[in-house]
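Chain letters run A, B, ... following the sequence lines, proteins first, then strands; residues in each count from 1.
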Amino acid sequence: MKKCHRCSKPATLHITEIREGVVQELHLCESCAQDYLENTDSPEPSEDFDPIHEKLSEYEVDEELAELDQNECPNCGITFREFRSQGRLGCPHDYVAFEHELMPLLENIHGEVQHCGKFPKRAPDASQRQYQLIKLRNELRGAVEQENYEEAARLRDEIQTIENELNAEQT
Amino acid sequence: MDLESLTHTSGEWLRGSGPDSDIVISSRIRLARNLAQYPFLSRADDSVRGETSDLLRGTIEDLGLPRRLSYVNVGGLVDLDRQFLVERQLISREHAESRGSRGVCVSDEENVSLMINEEDHLRIQVLRSGFSLDECWDEINRIDDALESRVTYAFSENLGYLTACPTNVGTGIRVSVMLHLPALVLTKEIQKVFQALQKISLAVRGLYGEGSQAMGDFYQISNQITLGKSEEQLIESIRDVVPNIIAYERRVRNALVKENRQSLHDQVSRAYGILQNAQTISSEETMQLLSSVRMGINLELIDDLKMSTVNELFIHTQPAHLQKLRKEDLESAERNVARARYLRQRLGGNGSEMQN
């Protein structure tokens, strides 16, 4: 259970505030929420809100992070500290260079760390089918969750076929 | 593209047609893409920016897409013109406010725009009137495929399309639907909608970014997650939830009509009357009154005004549009006078000049 942003009681009201086109989530207890909703005419000044900064601010700078902060991408030269302050990466290679630091952040933002959507058509045939497998497995999980067993069986067959093909090619 | 000629027209997405267009203004999908061989824009100097923008512009113009596209050099525009494109939703505010070489390719109908050198090297956007996410996806996917056969996108097997901000990585997709929810706002039921959406990781934004209610009761619902789900799944997450919100809004509207028809009719008619007669009016008040009028048309309390006209007025009464129409820079107070005059003209109120 989340705690109230203003006192430490459990938050029971979750408010989405839209100001300057950006959404801010507020978690408040009953009495603070009452107070907040009655005083919406005099809002607290909100700085430019960017969701990535909210996520990044959750990363306390402890000693371990201070060390990580110095890590630099050999490709574009950005340090992790610079990324943390501006919220934007410097080049595609940063995802490799800062993998260790970025994974927890991606997990926090998206809840997952494996892409399972579209992939470039020009990728080699074998890796195209790998992507296909990832996507199908993801759909299979969804089908099982929704107790759609007919669809799940169909997906399982399709996954099996692709796996067999890939195995056959490898041997 | 001649920006002056645009001042008297509006994008196809505003025509107020398409499924559920009484409540759904527009559906939009955008994809964030980057070129593999260049740094992201935060680390790009002027020469890199020049290269990415030349390369992408050339590639896009060469695609032979079924829609005719025109290029606008956003970096070379004056502030007013950039603001004008933001108001029309053809470029983002960030794109307008950033610096250096950048541009946008826009289709004649204003349904498709490809922003070059925004936060990512390329942001593709497809807009449709009404609740039509599948059509948006079909079109944007085709454009993306066509581009992908000519350029190499930054892509990783595990993380998908790599973007400047980790909040967009994976599919790089933002699926959004713009809803007009005056009855839910009026009855304060909208809070419940916010809470429900938050639980399923969907975001709610206003029309452009100004305060929520003052901006005509418009809400944009969009996905926040971009990694770990397929494009179809993310589209589905929006497509599944929107009909519930539409039904909720309709239910509350019907209840309002049933229980309080007279006072609702009064509110709508007063709003219409003010818009037809005011001599000076702010942007916020205009949006709020237009919102009432829009609902009034849907509930058949107003019968002499077209939905497409009201939709258009929401955009054409914005500051940059007014100044483009008047062909001069106007201070805020002057804009309020110009806005009132324009509304009287368009709505045929007292003292209207009826030039058009």
Side-chain angles (χ1 to χ4, degrees), chain A residues 13-23 25 27 37 40 43 50-52 55-56 73 75-78 82-83 86-96 98-99 102-103 105-123 127 130-131 134-135 138-139 142, chain B residues 31 34-36 38-43 93 119 141 144-145 148-149 152-167 169-173 191 194-195 197-199 201 203-213 215 219-220 224-234:
Chain A
L13 269 112
H14 309 281
I15 295 170
T16 305
E17 172 95 25
I18 306 180
R19 191 168 295 144
E20 301 293 324
V22 292
V23 180
E25 293 172 2
H27 305 281
L37 291 171
T40 42
D50 185 344
I52 186 69
K55 296 289 183 190
L56 284 167
C73 170
N75 190 0
C76 71
I78 196 175
E82 281 174 271
F83 162 67
Q86 70 191 30
R88 299 292 179 273
L89 292 161
C91 79
H93 188 70
D94 292 355
Y95 284 97
V96 178
F98 303 138
E99 188 187 1
L102 281 174
M103 279 306 167
L105 181 68
L106 291 175
E107 170 96 50
N108 180 334
I109 296 170
H110 301 284
E112 309 245 4
V113 291
Q114 173 64 54
H115 175 60
C116 75
K118 192 176 175 178
F119 49 85
K121 297 271 181 298
R122 287 194 300 171
S127 55
Q130 294 287 2
Y131 294 135
I134 291 167
K135 196 174 158 197
N138 188 52
E139 285 173 8
Chain B
L31 295 173
N34 288 278
L35 298 168
Y38 294 102
F40 294 143
L41 290 158
S42 69
R43 300 294 276 191
R93 193 181 275 190
E119 179 181 299
N141 197 23
D144 188 49
D145 282 348
E148 208 157 56
S149 66
T152 307
Y153 285 148
F155 183 87
S156 107
E157 297 203 6
N158 295 328
L159 295 176
Y161 294 92
L162 303 176
T163 50
C165 184
T167 52
V169 79
T171 53
I173 199 172
Q191 287 301 333
F194 288 169
Q195 286 168 25
L197 291 173
Q198 201 191 327
K199 276 193 196 130
S201 303
V204 188
R205 288 161 223 266
L207 175 58
Y208 291 112
E210 269 93 330
S212 53
Q213 191 171 341
M215 287 303 275
Y219 294 91
Q220 254 188 96
Q224 280 180 306
I225 286 169
T226 55
L227 179 63
K229 293 204 164 39
S230 69
E231 290 81 357
E232 289 84 358
Q233 286 175 317
L234 292 166

Shorter than 4.5 Å, heavy atoms on both sides: which option in [options] has the most such pairs with chain A?
options: B/A164, B/S149, B/G160; result: B/A164
options: B/T171, B/L234, B/D145; result: B/D145
options: B/Y38, B/Y161, B/Y153; result: B/Y161

Minimal non-hydrogen separation, [X] against [Y], with atom names:
X: B/P166; Y: A/L102; result: CG-CD2, 4.4 Å
X: B/G228; Y: A/C116; result: O-SG, 3.4 Å
X: B/T163; Y: A/Y95; result: O-OH, 2.6 Å

>> Main chain of B/F155, side chain of A/H115: is a donor-acceptor contact present, judged purely on distance under 3.5 Å?
In response: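 Here the side-chain-to-backbone pair does not exist.
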
> Between B/R43 and A/C76, is there a donor-acceptor pair closer than 3.5 Å when you use the side chain of the first and the backbone of the second?
Replying inline: yes

>> As a quick check of understanding, evaluate side-chain contact (heavy atoms from CB on, under 4.5 Å) for A/L106 and B/L159, giving each step before the final call.
In response: CA-CA 10 Å; A/L106 291 175; B/L159 295 176; 3.8 Å; yes

Which value, rounded to the nearest 0.5 Å, describes the distance between [X] atom [atom1] and [Y] atom [atom2]?
X: A/Q86; Y: B/S42; atom1: CD; atom2: OG; value: 4.5 Å
X: A/L89; Y: B/L41; atom1: CG; atom2: CG; value: 12.5 Å
X: B/L162; Y: A/H93; atom1: CG; atom2: NE2; value: 11.5 Å
X: B/K229; Y: A/E112; atom1: NZ; atom2: CD; value: 5.0 Å
X: B/T167; Y: A/H110; atom1: OG1; atom2: NE2; value: 6.5 Å
X: A/F83; Y: B/C165; atom1: CZ; atom2: SG; value: 6.5 Å

> By a 4.5 Å heavy-atom criterion (distance strictly below it), what part of B/S201 contacts chain A: side chain, backbone, both, or neither?
Replying inline: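 Contact with chain A involves no heavy atom of B/S201 at all.
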
> Side chains of B/F40 and A/P92: closer than 4.5 Å at any heavy-atom pair?
Replying inline: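 In short, these two side chains touch, coming nearer than 4.5 Å.
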
